[in-house]
Every structure is written in C-alpha cells, then in structure tokens.
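Reminder, nothing fancy here: chain letters follow the sequence lines and each chain counts from 1.
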Protein chains: 2
Amino acid sequence: MPRQVDHDERRRQLTEALLRIASTRGLQAVSMREIAAEAGVSLRVVQYYFTNKLALLESGFTELGARMDRRVKQRAGAAAGELTPRGVFAAVLGAILPFDEQSKLDSMAWTAYYTAALTDPALAAVGLTLPNALEDFLTVRLTAAQQAGDVASDRDPRTEVATLLALANGLTASVLGRQRSHEAAVAIIDYHLDRLFGPAATRRPPPD
Amino acid sequence: MPRQVDHDERRRQLTEALLRIASTRGLQAVSMREIAAEAGVSLRVVQYYFTNKLALLESGFTELGARMDRRVKQRAGAAAGELTPRGVFAAVLGAILPFDEQSKLDSMAWTAYYTAALTDPALAAVGLTLPNALEDFLTVRLTAAQQAGDVASDRDPRTEVATLLALANGLTASVLGRQRSHEAAVAIIDYHLDRLFGPAATRRPPPD
DNA sequence: ACTGTTAGGATACGACTGTATCCATTCGAA
DNA sequence: TTCGAATGGATACAGTCGTATCCTAACAGT
C-alpha cells in the first residue's frame, strides 16, 4: 500500500475527520492525535499530509466555506428558474439555517471557527474575507425584484439584504443553542419575507 | 497581608483577569497560570479561591451575563420614562450591540463562551438558560405600543421581538468580525425600527 | 536487480496543562 | 503567650500538546 497515494484524497479524509471532531466536541478538542484516531490512521500520517496544525485548521475552514457555498448555490440554482424572487430568498436563507443533521454539524463547526478567528489572526486571514459575494448576489436580485414591482419602492435593497443575512446568522446561533427550533427560525424568516414581498404564494402563478 | 481577605473581592479580581484574557486572546488561552499572571498573583492563589477551572469558567460566564444585564437595564431604565416606545427599543438593542471598547470586549468573551457552551454541557448548564427575560420584557412593551396605536395592528409582537434580538445578535457577530462598523449596525437596526414604528422622531412630542 | 524516493510506524522531546502537596508565614482567639 | 486556622509561596505530578527524528518497508525508474 505504500507507493502512489492520492494526496488530495488523503487530505480530504483527514479534513473530514477534523470537522467531525470540531462539530461535535468543539475546536479545542481538535488535536493531531484525535484526528488520527478519528480517521483511523497513525499520528505520522497526519503529520505527513499536513505540515502544520495550522495548515490542517485552514483546510478545515476552507472546506467548511466550500460546503456552505455549495449548499447555497445548489438551492439557489435549483430555485432560480421556477420560483418567484421571494422563493429564491427563502431558498438561500433556508440554506444558511441548519436544516438537517449535517448542515447543523457544519454550522457548529463554522461557529467554532468564526469565533476562533476573532482572536486568531492566522484563522482570520483564511475565513473572514469572503462573505460579500452572497450579499452582492442577493442585492442584485432584490433590486431587480423591486424594479419589477414585486417589492415596495421605499425599501433599500442593500439594507434589506444585510438585515436578512444578519438575521439568518442570529437565528442560526439560537437554533444551535437549542433556544429555538429550526421550524421556528424558518417561520421568522417567512414572516419577514412576507412583509418584504407581500404575503404572496411561494410559486409564481402560471401565465394564463 | 495573610489573614482576613475579602474572598468575594478576590474572586472578582480573578474573574476580571479571566475575562480580560478571554476577550482578547480567546477562551482557549485561558489557563490557571495565565489568569494568575494577568491578576498579578501566584498560581496557588487562583487555586485557593476557585476549587476548579470549571468553577472559574462558570464565574466568568455568570459575570458576563450580569454585565450584559446591567447594561441593558441601565439603558432601558434611563430611557423608559422619557422616550417613545421606539426609543426604548433603540436603547435596548443599542445596548446589545458592542458600542464601546469595553462592551466590544465583553461581546467577544460572550461569543467565545456561547460557542464553547454549544459543545460543553457543563458550560451550557450555566449560560444557555436565561435569555428569555429580555424577550418577554420587549414583547410586553411592543404589545402595549401596538395597543396604543404606535405599531400597525397586523404585526406580531412576539415574532417582531424575536426578529430584533436575533438580528442584533447577528449584527454583533459581524461587527466583531470587522465586516461592519458599529454605525452600520445601528443604521440597520434603525432602518428596521423605522418600518416597525413608522419613521417617527425618537423623542415623544411634548403634550400640548 | 539496483537504487532512490515515497509512505508511514515508533518513539522522543520540551512545553504546557490542571491539580495536588508540602511548607512557611501571619493573624485572631484562647 | 500560645495555638490553630487562614493565606499563599514553591514545587511536583501525570497527561497532553505540537513537532521532530529515526527507521523500515514498498514501489518506480534505471
């Protein structure tokens, strides 16, 4: 088994082991040896495929960001063609909230990383730079919806989008802390979207 | 200096040293020896006044909650008599957002604690149980404002309050992560309050 | 078949962790 | 004045941490 190992695959396995630990026992429970045990390999292997613990942590952060991005793009992409603007927002925001076991675990890990990045410049460099893309995307969408007459003209699209994203983050934190159920969080988002778009149906009515 | 020491005062000093470390270098940087160094005492003293590290961490969590509570009560109390309902909400939500250096440090520590509590049952028992009081308080206020005609009748006070608190939490996270300035966060809150109460002035007009 | 690189097992190092113990003060009460 | 509790300095212990080193296989290219 020695020669010719797929390094990327190996690193992926180790990164997933890391995220499994981080999401269930927290980032402070992540150690080289724990990752090795979780992945079923020896400590040397972890050392071999990642030069540093920092490189390992960065890999986990990046993977987490990629997962979030994938989830949002997937939902938004599937919804873009057939739904109303409101449906697109519901899909994207619903993808941010933890909606199943895996996304809840990922949100846990993400929260742990985000918090660690607040006091660790090395992690901040990796993770606190990217999240403007989603805000821009939604702002473009909302502006278009407003020009199409689906949203009242006195709304400020940029502020509305910022509000929705911050709200989704706040709700995510409360869901993770078991202060609110997933359904309650979705209900709050829906309530807010009702006021933004008007209490319309989710699906666009078929053209007559 | 030996005999007759004020234990509560000692514990307060040590707790503050702990929070200073947690808010600037993160909760994982908090160790018995670091606290001792920060407080300018020996390791033994830390051991003497706190049986456990857990007891120490719990003390920090509790103190943090007390500080938040104090801040909110102070602002809300000062505002209750002379401001409009909207002014009360602005005051309370403004007290949740980090508005100066100290409250920003406290928010940092709080975030670290909250995240740690998500994966540490011992901390969860201390900190993830209390925060309903503020929600109830604000809901009562908003319901009253609605009955007085200051808020449109089709709003649901409980949902509106939940939204505002989750929004404030989400905005706090973004401010701590330097993705938004404090002023930008306040502007978003104000924008939201404008829609809830109508774009009225902050101060209640004098009775004629 | 030989050789050098790749892949990992085994182990060790120094630093740091929470906790425990031993001991010397110092003061209040008797 | 004596004694015992309160206070805290000094040190030790057993783990765990990230990292480094040593060494042995196994394969690819020659």
What nitrogen or oxygen pairs link the protein and nucleotides 17-22 of chain D at under 3.5 Å?
unit_1: dC17(D); atom_1: OP1; unit_2: S31(A); atom_2: OG; d: 3.3
unit_1: dG18(D); atom_1: OP1; unit_2: K53(A); atom_2: NZ; d: 2.7
unit_1: dG18(D); atom_1: OP2; unit_2: M32(A); atom_2: N; d: 3.0
unit_1: dG18(D); atom_1: N7; unit_2: R33(A); atom_2: NH2; d: 2.4
unit_1: dG18(D); atom_1: O6; unit_2: R33(A); atom_2: NH2; d: 2.7
unit_1: dT19(D); atom_1: OP1; unit_2: N52(A); atom_2: OD1; d: 3.4
unit_1: dT19(D); atom_1: OP2; unit_2: K53(A); atom_2: N; d: 2.9
unit_1: dA20(D); atom_1: N7; unit_2: Q47(A); atom_2: NE2; d: 3.0
unit_1: dA20(D); atom_1: N6; unit_2: Q47(A); atom_2: OE1; d: 3.0
unit_1: dC22(D); atom_1: N4; unit_2: R44(A); atom_2: NH1; d: 3.4

Task: Euclidean distance, atom CD of residue E9(A) to atom P of dA7(C) [Å, nearest integer] - done: 14 Å
Open item on the list: Any non-hydrogen side-chain atom of V45(A) less than 4.5 Å from a side-chain atom of F50(A)?
Closed with: no
TODO: Using the test ring pair (Phe, Tyr, Trp, His ring centres under 6.0 Å), find all partners of H192(B) that sit at least two apart in sequence or belong to another chain.
DONE: H192(A)
TODO: Would you indicate, yes or no, if dG8(D) has its OP1 or OP2 atom less than 4.0 angstrom from a side-chain nitrogen or oxygen of Y49(B)?
DONE: yes
Open item on the list: Less than 6.0 angstrom separating the ring centers of H7(A) and Y49(A), yes or no?
Closed with: yes
- [ ] Ignoring hydrogens and angles, state whether a donor on the side chain of S103(A) or D100(A) is under 3.5 Å from an acceptor on the partner side chain.
- [x] yes
Task: Donor-acceptor pair, side chain of E63(B) and main chain of T15(B), under 3.5 angstrom - done: no
Task: Protein-nucleotide distance (F50(B), atom CZ; dA20(C), atom P), rounded to Å - done: 16 Å
- [ ] Mark yes when over 12 heavy atoms from residues, nucleotides or ligands other than Q102(A) sit less than 6.0 Å from its CD; otherwise mark no.
- [x] yes
Open item on the list: Is there a side chain to side chain donor-acceptor pair (under 3.5 Å) between Q146(B) and D150(B)? Walk through the geometry before answering.
Closed with: CA-CA 5 Å; Q146(B) 190 177 41; D150(B) 291 331; over 6 Å; no
TODO: Ignoring backbone atoms, establish whether Y48(B) has a side-chain N or O less than 4.0 Å from OP1 or OP2 of dG8(D).
DONE: no
Task: Nucleic acid contacts - residues 14-26 of chain B versus DNA chain D, non-hydrogen atoms under 4.0 Å - done: none
- [ ] Look at D6(A) together with R10(A) and state whether they make a salt bridge at an N to O cut-off of under 4.0 Å.
- [x] no
Open item on the list: In this structure, how many angstroms lie between the P atom of dG8(C) and the CG atom of D6(A), rounded?
Closed with: 12 Å
Open item on the list: Tell me the interatomic distance from R11(A), atom CZ, to dA7(C), atom P, rounded to whole angstroms.
Closed with: 10 Å
Task: Below 4.0 Å: OP1/OP2 of dA7(C) and any side-chain N or O of H7(A) - done: yes
